[in-house]
Amino acid sequence: MTDTGAAKRPPTIDDVLRLRAAEPLPSSDGDPVEGAARDGAAPPRIVEIARLAGVSPITVSRALRQPEKVAEAKRRKILEIVERTGYATNPHARALRSGQSNIVAAFVSNLQSQQFCLAVQGCGEVLEPQGYQLMIGQTSYSYAKETTMIQSLREMRPAAVMFTGVIEIEENRRALRALGIPIMETWAYPRDPIDMLVGFSNIDSGRLAAEHFAERGYRRIGFIGRRSGRGALRLTGFREGARAAGLDIVAELSVDGVSSMVDGRRALGNLLSRNAAVEAVFCANDLLATGALLEARRLGMRLPDDIAILGFGHNDIAEELPPGLTTIGIDSRDLGRQAGSMILQRMRGEMPSEPTRAVELTLTRRGSS
C-alpha cells in the first residue's frame with residue numbers, strides 16, 4: 001500500500017468565507033480605548049509610552065517593574081499614559097524589559113487531532129532552540145472562542161501567533177494585523193492570508209477523494225464533514241470531482257462540531273439511516289473517519305465490500321485499525337517546521353522569500369477502500 005500524490009498542478013485557491021462579526025470587537029474593558037490599535041495600526045510599544053511621557057524607555061520599564069525607583073510625579077504620569085493608551089504590561093520579564101516577548105501563541109482547532117499537534121510540535125522544534133516558547137490554546141472550531149483568544153493577545157503581547165486554520169471573521173483579521181507581529185495561518189490556501197501562510201488546497205483534497213472513488217469503481221458516494229470552514233471547501237471539491245467523474249453523491253451529512261471519534265460513529269449511523277445504498281463515504285476529518293470506521297465494524301459491515309471509507313489526516317491510528325483507513329493528508333510536522341522557520345525569519349527582521357507556501361497532498365490507500 002503506497003502513497004500516491006495528487007496531480008502535479010498548482011493548488012486551487014480556497015475561496016475562504018469572510019464573515020462580519022455581529023458587533024465590533026470590544027477592548028478589554030468593553031469601551032473604545034484612546035490610542036489603542038485601530039485599522040491596522042500597531043499597538044503602543046514601550047518606546048511610544050516613553051515618548052508621550054517625555055522620559056526614556058528604561059524609565060517606563062522601571063516605573064512598571066520597580067516603581068520605588070521612579071519619582072512619584074513621573075511615575076503617575078507614566079501610569080496615566082499606560083492606562084489611557086491601553087499599553088499591555090506583559091507578565092513575562094523579557095517583554096517588560098524590551099517590549100518584546102519570547103512566547104509564540106499557537107491556536108489549534110482541536111487538541112485531539114494528531115495532525116494539529118504534530119504541526120505545533122514541528123513549529124516548536126524550530127523555535128524552542130532559539131529561546132522561544134510555545135503557548136497552546138484550543139479554539140474548538142468555535143468563532144466565539146477564536147474571537148476571545150484573539151482579544152486576549154493584545155494584553156498577552158506574544159512574539160508571534162500561529163493558527164491551524166485561517167481566520168474568517170474580518171474584525172479578527174484586522175485585530176491580528178494591528179498587533180504588529182508575525183501571524184501564521186495554515187490548513188488552507190486562500191488568496192489573501194493575513195500575513196504568512198503554509199497550507200494546502202482543501203478544494204483539491206475533495207477532488208482527490210472523488211477521483212479515488214472513481215478509480216476504485218464506486219459510483220454512489222457520500223460525504224461527512226463540517227458545514228463551514230475547511231469542511232465546506234472539501235465538500236465543494238468533492239462535488240466538483242464527482243461531477244467530473246460521473247459519480248452520484250447520494251448522501252451528504254453536515255456536522256456542526258467535531259470533538260472526538262464519537263462524532264464519527266454517530267455521523268455514519270445517521271448517514272446510513274438516510275441512504276443505505278451508499279457505497280463509499282469521504283469523511284473530511286480524521287476524527288470523523290476513525291469513528292466512522294469503528295461504527296461500520298460495529299454494524300458488522302465488511303470494508304470495503306459493504307462500504308468504503310476515506311478519511312482526511314495521516315494519523316497513526318489510521319494504519320492500525322483493521323483493515324486500515326485510507327486517508328488523504330499532508331506531512332503535518334513538516335508544515336509546522338516550515339511555519340516555524342518563516343516565523344523565526346520575521347522575528348529576526350527578515351522577510352521570507354515566499355510568505356505563502358503550499359505543501360503536497362498525498363493519498364495513502366489501505367484496506368478501507
Side-chain angles (χ1 to χ4, degrees), residues 1 4 6 113 115 202-315 317-319 321-329 361-369:
M1 298 179 183
T4 58
S113 170
Q115 302 311 300
N202 289 276
I203 290 176
D204 285 347
S205 72
R207 287 177 181 156
L208 184 57
E211 290 166 3
H212 173 72
F213 285 157
E215 290 170 0
R216 303 297 295 165
Y218 302 109
R219 313 306 300 174
R220 297 170 60 81
I221 61 177
F223 173 88
I224 298 173
R226 292 195 306 119
R227 70 176 71 247
S228 61
R230 297 184 290 272
L233 293 168
R234 291 169 195 169
L235 176 57
T236 296
F238 190 60
R239 288 170 174 167
E240 292 176 0
R243 186 165 53 249
L247 307 186
D248 185 13
I249 299 180
V250 298
E252 294 178 3
L253 184 69
S254 295
V255 181
D256 285 323
V258 180
S259 59
S260 71
M261 290 182 287
V262 173
D263 298 302
R265 283 182 176 272
R266 186 181 301 115
L268 182 68
N270 291 340
L271 183 137
L272 292 176
S273 69
R274 299 180 186 184
N275 197 317
V278 64
E279 299 171 345
V281 178
F282 172 40
C283 297
N285 174 289
D286 52 352
L287 293 174
L288 289 174
T290 304
L293 186 148
L294 292 172
E295 181 66 10
R297 289 178 54 197
R298 188 189 70 80
L299 294 172
M301 304 180 79
R302 297 169 300 161
L303 284 84
D305 297 333
D306 296 330
I307 191 168
I309 295 175
L310 168 62
F312 188 95
H314 291 326
N315 57 47
I317 199 171
E319 188 171 6
L321 279 177
L325 178 63
T326 299
T327 60
I328 295 169
L361 286 163
T362 60
L363 187 148
T364 303
R365 187 173 68 82
R366 300 188 180 94
S368 70
S369 67

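This is a predicted model, so every value here is computed, not measured.
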Ignoring hydrogens, what is the shortest heavy-atom contact between [X] and [Y]? Give both atom names and the distance.
{"X": "Gly241", "Y": "Ala210", "answer": "C-CB, 3.5 Å"}
{"X": "Gly225", "Y": "Leu288", "answer": "CA-CD1, 3.9 Å"}
{"X": "Leu247", "Y": "Tyr218", "answer": "CD2-O, 3.3 Å"}
{"X": "Ser368", "Y": "Pro323", "answer": "N-CG, 3.9 Å"}
{"X": "Leu303", "Y": "Met301", "answer": "CD1-O, 3.6 Å"}
{"X": "Gly367", "Y": "Pro304", "answer": "O-CD, 3.2 Å"}

Approximate separation, where rounding is to 0.5 Å, of [X] [atom1] and [Y] [atom2]:
{"X": "Ile221", "Y": "Phe213", "atom1": "CD1", "atom2": "CZ", "answer": "6.5 Å"}
{"X": "Arg265", "Y": "Ser260", "atom1": "CZ", "atom2": "OG", "answer": "10.0 Å"}
{"X": "Arg297", "Y": "Ile309", "atom1": "CZ", "atom2": "CD1", "answer": "10.5 Å"}

Exam field: side chain [X] to backbone [Y], donor-acceptor pair closer than 3.5 Å:
{"X": "Arg219", "Y": "Gly246", "answer": "yes"}
{"X": "Thr290", "Y": "Leu287", "answer": "no"}
{"X": "Gln115", "Y": "His314", "answer": "yes"}
{"X": "Ser254", "Y": "Arg226", "answer": "no"}

Qualifying residues under side chain to side chain contact (heavy atoms under 4.5 Å, CB included), relative to [X], sequence neighbours excluded:
{"X": "Glu215", "value": "none"}
{"X": "Ala209", "value": "Phe238, Phe282, Leu310, Ile328"}
{"X": "Ser259", "value": "Asp263"}
{"X": "Ala276", "value": "none"}

[X]: which residues meet the side chain to side chain donor-acceptor pair (under 3.5 Å) condition with it, sequence neighbours left out?
{"X": "Asp305", "answer": "none"}
{"X": "Ser205", "answer": "none"}
{"X": "Arg298", "answer": "Glu295"}
{"X": "Arg227", "answer": "Asp256"}

Review point. Going by the ring-ring contact (aromatic ring centres under 6.0 Å, His included) test, which pairs reach into residues 288-307, not counting sequence neighbours?
Key: none

Review point. With sequence neighbours left out, which residue pairs that include part of residues 252-280 fulfil the ring-ring contact (aromatic ring centres under 6.0 Å, His included) condition?
Key: none

**Study point:** Side-chain heavy-atom pair Ile307, Leu272 within 4.5 angstrom cut-off
**Key:** yes

Check your understanding: Does any non-hydrogen side-chain atom of Asp286 lie less than 4.5 Å from one of Thr327?
Key -> no

Exercise for review: Applying side chain to side chain contact (heavy atoms under 4.5 Å, CB included) between Leu293 and each of Thr326, Leu325, Ile317, report the one that passes.
Suggested key: Leu325

Exercise for review: With sequence neighbours excluded, give me every side chain to side chain donor-acceptor pair (under 3.5 Å) pair touching residues 230-241.
Suggested key: Ser109-Arg230, Asn202-Arg234, Arg207-Glu240, Arg239-Glu252

Revision key, fill the gap. Across all chains, not counting sequence neighbours, the ring-ring contact (aromatic ring centres under 6.0 Å, His included) partners of Phe312 are Phe200

Review point. Is a side-chain donor-acceptor pair under 3.5 Å present for Ser369 with His212?
Key: yes

